[in-house]
Amino acid sequence: MLPLALLAAPAMAQSAPDGAAIFTRCAACHTATGAGVPGAFPPLQSDFRTLAAKAEGRRYLALAVIKGLSGAITVQGKPYRGFMPAQPLDDASAAAVLNHVGAKIATSGPAFKSFTPAEVAAARAGGAKLSAADVARLHEAAGGQ
Ligand code: HEC
């Protein structure tokens, strides 16, 4: 039994972060269902999945989470001009929460393909100089609607 326990421990330490648990911090603003609050906090629904279907949109979504977002964007036909603080998440945790949103919160839109920690790391490296306002300016060209 002991060797088995010793083998199991490192596997558990490396298990993926729990996206549902991380999402509770997002739910403080975007609500538990991701429906958001019109005019204040955008829904994490079809716009999320539409963005996640394109490379530029995926980069924008990862950057919105890790760099924050500040500026005028239109989400599902409604205007927002709010401020989302950068979320202090490592690459694996950011990927886990994006995947929770894409798979469990966003209920409509194109089929969702999971983010990998490497994809988040690439967005983080490429967007190192971007501010939250710069990220908001990416929304429309990235396919947001
Ligand atoms: C303090 C409130 C707050 C928290 C916490 C928060 N957000 Fe946001 N989020 C916002 C606001 C406000 C906007 C819109 C910003 C704007 O108008 O420029 C936004 C926008 C977004 C967008 C862009 C949506 C789109 O369709 O373009 C995504 C994606 C997002 N948030 C995901 C998350 C995730 C995932 C978390 C948790 C890790 C999170 N947010 C935590 C307030 C918050």
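Numbers for residues simply follow the sequence, beginning at 1. Atoms within a ligand are numbered from 1 in the order they appear, just like the ligands themselves. It should be emphasised that the depicted structure is a prediction, and the values quoted were computed from it without experimental measurement.
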Subject >> Atoms of ligand 1, numbered as shown, that sit under 4.0 Å from any heavy atom of F83 >> reply: 12 (C)
Original post:
If we ignore angles and hydrogens, is there a donor and acceptor under 3.5 Å between the side chains of S131 and D134?
Top reply: yes
Original post:
For ligand 1, which atoms sit closer than 4.0 Å to a heavy atom of P42?
Top reply: 11 (C), 13 (C), 14 (C), 19 (C), 20 (C)
**OP:** Answer yes or no: is there a donor N or O on one side and an acceptor on the other, between the side chain of R49 and the main chain of P110, under 3.5 Å?
**Re:** yes
**OP:** Using atom 8 (Fe) of ligand 1 as the apex, give the angle to atoms SD (M84) and NE2 (H30), rounded to 10 degrees.
**Re:** 170°
**OP:** For H139 and D47, test the side chains for any donor-to-acceptor distance below 3.5 angstrom and give the result as yes or no.
**Re:** yes
Original post:
Is there any N or O on G82 that sits under 3.5 Å from an N or O of ligand 1?
Top reply: yes
Original post:
What is the closest protein heavy atom to atom 1 (C) of ligand 1, and at what distance does it sit?
Top reply: C29 SG, 2.7 Å
Original post:
To the nearest 0.1 Å, how far is atom 18 (O) of ligand 1 from its closest protein heavy atom, and which atom is that?
Top reply: G71 O, 2.6 Å
Subject >> Residue, atom name and distance, where the atom is the protein heavy atom closest to atom 29 (C) of ligand 1 >> reply: L61 CD2, 3.6 Å
**OP:** Of all the heavy-atom pairs spanning L130 and K67, show the shortest one and how long it is.
**Re:** O-CE, 2.7 Å
**OP:** Please check if the side chain of K104 supplies one atom and the backbone of A20 the other of a donor-acceptor pair under 3.5 Å.
**Re:** no
Original post:
R58 side chain to K113 main-chain N or O, any donor-acceptor pair under 3.5 Å?
Top reply: yes
Original post:
With atoms numbered from 1 as shown, which atoms in ligand 1 lie under 4.0 angstrom from a non-hydrogen atom of R81?
Top reply: 17 (O)
Original post:
Mind checking whether L51 and F41 sit in one hydrophobic cluster, side chains of I, L, V, M, F, W, Y counted as touching below 4.5 Å?
Top reply: no
Original post:
How far is atom 26 (O) of ligand 1 from its nearest protein heavy atom, and which residue and atom is that?
Top reply: D47 OD2, 2.4 Å
**OP:** Report yes if A136 has an N/O atom closer than 3.5 Å to an N/O atom of ligand 1; otherwise report no.
**Re:** no
Subject >> Heavy-atom pair of closest approach, residues D91 and R124 >> reply: OD1-NE, 2.8 Å
Original post:
Is G144 near ligand 1, meaning one of its heavy atoms is under 4.0 Å from it?
Top reply: no
Original post:
Identify the closest protein heavy atom to atom 22 (C) of ligand 1: which residue and atom is it, and at what distance?
Top reply: L69 CD2, 4.0 Å
**OP:** Using a strict cut-off of 4.0 Å, indicate which atoms of ligand 1 neighbour a heavy atom of Y80.
**Re:** 17 (O)
**OP:** For G34 and I105, work out which heavy atoms get closest and say how close.
**Re:** CA-CG2, 3.6 Å
**OP:** Heavy-atom contacts with C26 under 4.0 Å: which atoms of ligand 1 show up? List them by number with element.
**Re:** 34 (C), 35 (C), 36 (C), 37 (C), 38 (C), 39 (C), 41 (C)
Subject >> From CA spacing to verdict: side-chain contact (heavy atoms from CB on, under 4.5 Å), F23, V101 >> reply: CA-CA 8 Å; F23 185 73; V101 173; 3.8 Å; yes
Subject >> ligand 1 atoms in contact with P85 (distance to a heavy atom under 4.0 Å) >> reply: 1 (C)
Original post:
In terms of atom number and element, which parts of ligand 1 are under 4.0 angstrom from non-hydrogen atoms of V65?
Top reply: 35 (C)
**OP:** Could you tell me the residue and atom name of the protein heavy atom closest to atom 5 (C) of ligand 1, and the distance to it rounded to 0.1 Å?
**Re:** R25 O, 3.3 Å
Subject >> Worked verdict on L63 versus L69 for side-chain contact (heavy atoms from CB on, under 4.5 Å) >> reply: CA-CA 8 Å; L63 287 172; L69 198 58; over 6 Å; no
Original post:
Which of the atoms of ligand 1 are close to A40, meaning less than 4.0 Å from one of its heavy atoms?
Top reply: 12 (C)
Subject >> Y60 heavy atom under 4.0 Å from ligand 1 >> reply: yes
Original post:
Where is the nearest protein heavy atom to atom 28 (C) of ligand 1: which residue, which atom, and how far?
Top reply: L44 CD2, 3.6 Å
**OP:** Please round to the nearest 0.5 Å and tell me the distance separating atom OG1 of T33 and atom CD of Q45.
**Re:** 6.5 Å
